[in-house]
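Worksheet: one structure, shown below.
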2 protein chains.
Amino acid sequence: MAEDNPPRTAKARRGRPRQAEVARLAGVSQTTVSLVLGGNKQGIALHAETRARVLAAARELGYVPDPAARRLAASRNNLLGVFSFTATFPTAVEHSYYPFLVGVEQEAAAQGFDLVLFTGSSPGGAQADVPGALERVRLADGCLLLGRHAPTAALRRLVEDGYPVVHIGRRDDLSDLAWVGADYVDAGVEVMRRLAALGHRRAVLVREDDDATASIDRERGFRTGLTAAGLAGPSGGGDPVVRAVDPVAEITPDWVRERREEGVTAFVAEETDTGAVWRALLAAVDGAGLSAPDDLSLALLGSPPADLADRPEPTGFDIPRAALGAAAVRVLTALLVGAKADEPLVACAFRAGATAGPPPAAL
Amino acid sequence: MAEDNPPRTAKARRGRPRQAEVARLAGVSQTTVSLVLGGNKQGIALHAETRARVLAAARELGYVPDPAARRLAASRNNLLGVFSFTATFPTAVEHSYYPFLVGVEQEAAAQGFDLVLFTGSSPGGAQADVPGALERVRLADGCLLLGRHAPTAALRRLVEDGYPVVHIGRRDDLSDLAWVGADYVDAGVEVMRRLAALGHRRAVLVREDDDATASIDRERGFRTGLTAAGLAGPSGGGDPVVRAVDPVAEITPDWVRERREEGVTAFVAEETDTGAVWRALLAAVDGAGLSAPDDLSLALLGSPPADLADRPEPTGFDIPRAALGAAAVRVLTALLVGAKADEPLVACAFRAGATAGPPPAAL
DNA sequence: TTGTACGCGTTATCAT
DNA sequence: ATGATAACGCGTACAA
């Protein structure tokens, strides 16, 4: 029988059993093995005993399906991809995508998917650089994208091909791109509500000069909350939102004093990768000889950088990174089965913190 | 020609061009396309013009190779597995395998591998529970194992099949199992050397009643270092090593006082998952109304639990988790090409800390 | 120098 | 209820 021949090619045989070998051991055809091991989705009738024999043989040989072959034949392999466009290689866990990964992992595990971390597409780190890097994700059944700098062109191609992709972080540049994001608007509104409840009447937001959707949304939350809570900006009539191109140079002790003279008692900053604006704001307040929450209140739309962990906990909100990761997986798996995606927005948890309090009585 | 037919199956065609289509556009055979696009490793002669036509056609169609098909044909998929046997699902990043993953990722990226996290094998979390869970790792070209409770039987099977596996953490129960581990012995010796240099003459080690290799190695380091540095245990002649079955019950303020009366000025504990012995030791010292480094010196063989981050930094050493991960990847890829593995031991960095100093003059 | 033919391991259709 | 058989897209001896 030709069946018994080992592969003719000299190519190194891996020790991995194939369905054909399971079939031989079980005394059935390879087709039957595929049927049994595939869970018999077609609902074809099978002898319970045949089924048992196949299962036993598979276990004995330690059979495990080849994901590549499976993907080739069935267009699915139970793998979810994670591709991250972090700017620099994360030496510190906090700066990486690991917090998201916690949720991704948990939800993927719950749904029986394994994860592929596409790190190898780019020896060196900056993944977006290598032209075809993103294409490699097609190995997985679907993929999660993380980071701001995803190459739009390559991404559009994936989406247009109908490849299931979910971006973590709101996106609107690609119309058909699924995404999940933190509800920055709502969270910002809540922060402003709390500040108003404490008695503040005028506030400013310091943000970076950046067009990231996260920044846009936080500004929108700030503005919406400002209005909704009946607050106002500086009495001089200036814009309550400051876009700092160079935070250190612009957010100075003098700047703080000037705003205070314009009746501002609450200073809000946005979280960014580097924490630059929050750092600048803290430094400026320190430099002005003021301190929160006694002389003024500070709030941070997001979490403080890790190296500022010893400072008082900022009032603000936490980005639910793990929850976002989990939500992304849910949207992705929904996409896989052609279902409609969930609500893409995940709520942020308000963090009382210690940098906000009633405005000083003098003002 | 049958070649021109679109696929007969009704299965949804992905919009991605195949080599055959590139071939048709370029007016050559699919083989030639494969040859040209594959970089022509075999050194087969090709018309420069043919080559150019193929390249042009490929670019025009936006051709990218299907990784699954490539893997199927070439029998490698550029995937490294990571399987972790963490006891409970890690909610806190510090308790998980993420610190190792940092190094794993970096090294894998450097070597052009992607990573597969086998989380889906175990809906719910405890992976070792699901019988065939470990088998799934065969999906990758090789796999990293993490955690103390790897099921020996399943593991033996992989190793015997010649499947490349590297365990993170020393192991000697399976003779052919490759591993990388922290050099606890050397690190422990160094800690004792420092304590001796500070003037201590008698020391004890508190460890858990556990047979993990890490615990064994740390004890060995302590004992070796004790002798090498000319130190001794309690003057009463008791064993300088205490195995605490129930740390809280055994490591009491009285116990500390008794050891001190026996001339012990340096108290060493080992790091464990829970940090139980270190916690107990700290509590006992506090309870005895003593404090380090004035009344006695404390050292920790490992890192303190994250929730004790506000306590003074313990003298001791840090387990180079990222370095271990990277080393594991190097050993694994060496295995893949049949090369000999590196040195499996990775040095720990001594951490001066703030809990050790000269012994009190009175003693 | 290029094309033919086949195998990689799986799924799926269609006979039996 | 089970077994042939044909794809899936690519790599590669071997033939032309």
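Scope of the values below: all heavy atoms of this structure, side chains included, with no hydrogens, waters or symmetry mates. Every value quoted in this text rests on a predicted model; they were computed, and no experiment measured them. Chain letters run A, B, ... following the sequence lines, proteins first and then strands; every chain starts at 1.
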| request: Kindly say whether B:Leu79 contributes a backbone atom to a donor-acceptor pair with the side chain of B:Asn77 at under 3.5 angstrom? | output: yes
| said: Both B:Ala68 and A:Leu46 contact DNA chain D. Which one's nearest nucleotide lies toward the 5' end? | reply: A:Leu46
| Donor-acceptor side-chain pairing of B:Ser29 and B:Thr32 below 3.5 angstrom | yes
| query | C:dT1 P sits how many Å from B:Glu49 CD, rounded? | reply | 13 Å
| query | Quick one: is A:Ser34 getting a side-chain N or O under 4.0 Å of the C:dT10 phosphate, OP1 or OP2? | reply | no
| query | Among the nucleotides D:dT2, D:dC10, C:dT11, which one has an atom lying closest to any side-chain atom of A:Thr32? | reply | D:dT2
| said: Check the phosphate of D:dG9 against B:Arg18, side-chain N and O only, distance under 4.0 Å to OP1 or OP2. Yes or no? | reply: yes
| query | Can any side-chain N or O of B:Tyr163 pair as donor or acceptor with the backbone N or O of B:Val137 at less than 3.5 Å? | reply | yes
| query | Looking across every strand, which nucleic acid part, if any, lies under 4.0 Å from B:Val33 by heavy atom: base, sugar-phosphate, or nothing? | reply | nothing
| query | Separation of A:Arg71 atom CZ from D:dC10 atom C1', in whole Å? | reply | 15 Å
| task | Calculate the interatomic distance between A:Asp141 atom CG and C:dT10 atom P; express it in whole Å. | result | 16 Å
| request: Would you state whether a donor and an acceptor, one from the side chain of B:Thr31 and one from the base of C:dT4, lie under 3.5 Å apart? | output: yes
| Rounded to the Å, how far apart are A:Leu35 CG and D:dG3 P? | 10 Å
| Ionic contact status for B:Glu160 with B:Arg157, cut-off 4.0 Å | no
| Would you say a side-chain N or O of A:Arg70 is under 4.0 Å from OP1 or OP2 of C:dT11? | yes
| Are A:Tyr98 and B:Glu105 close enough that a side-chain donor and a side-chain acceptor fall under 3.5 Å? | yes
| said: Just the rounded figure in Å: distance from P of C:dG9 to CZ of A:Arg24. | reply: 12 Å
| A:Glu21 has an atom CD; how far is it from atom P of C:dC8, in whole Å? | 11 Å
| message | In whole Å, I'd like the distance from the CG atom of B:Asn77 to the P atom of C:dT10. | response | 13 Å
| request: May I ask you to say what B:Gln19 touches in the nucleic acid, namely base, sugar-phosphate or nothing, with a heavy-atom cut-off under 4.0 Å? | output: sugar-phosphate
| query | Between A:Ser29 and D:dG3, is there a side-chain N or O to OP1/OP2 distance below 4.0 Å? | reply | yes
| field | Value in whole Å for how far the C1' atom of C:dG7 lies from CG of A:Leu72 | value | 12 Å
| request: Report yes if a side-chain nitrogen or oxygen of B:Thr50 is closer than 4.0 Å to either non-bridging phosphate oxygen (OP1 or OP2) of C:dT2; otherwise report no. | output: yes
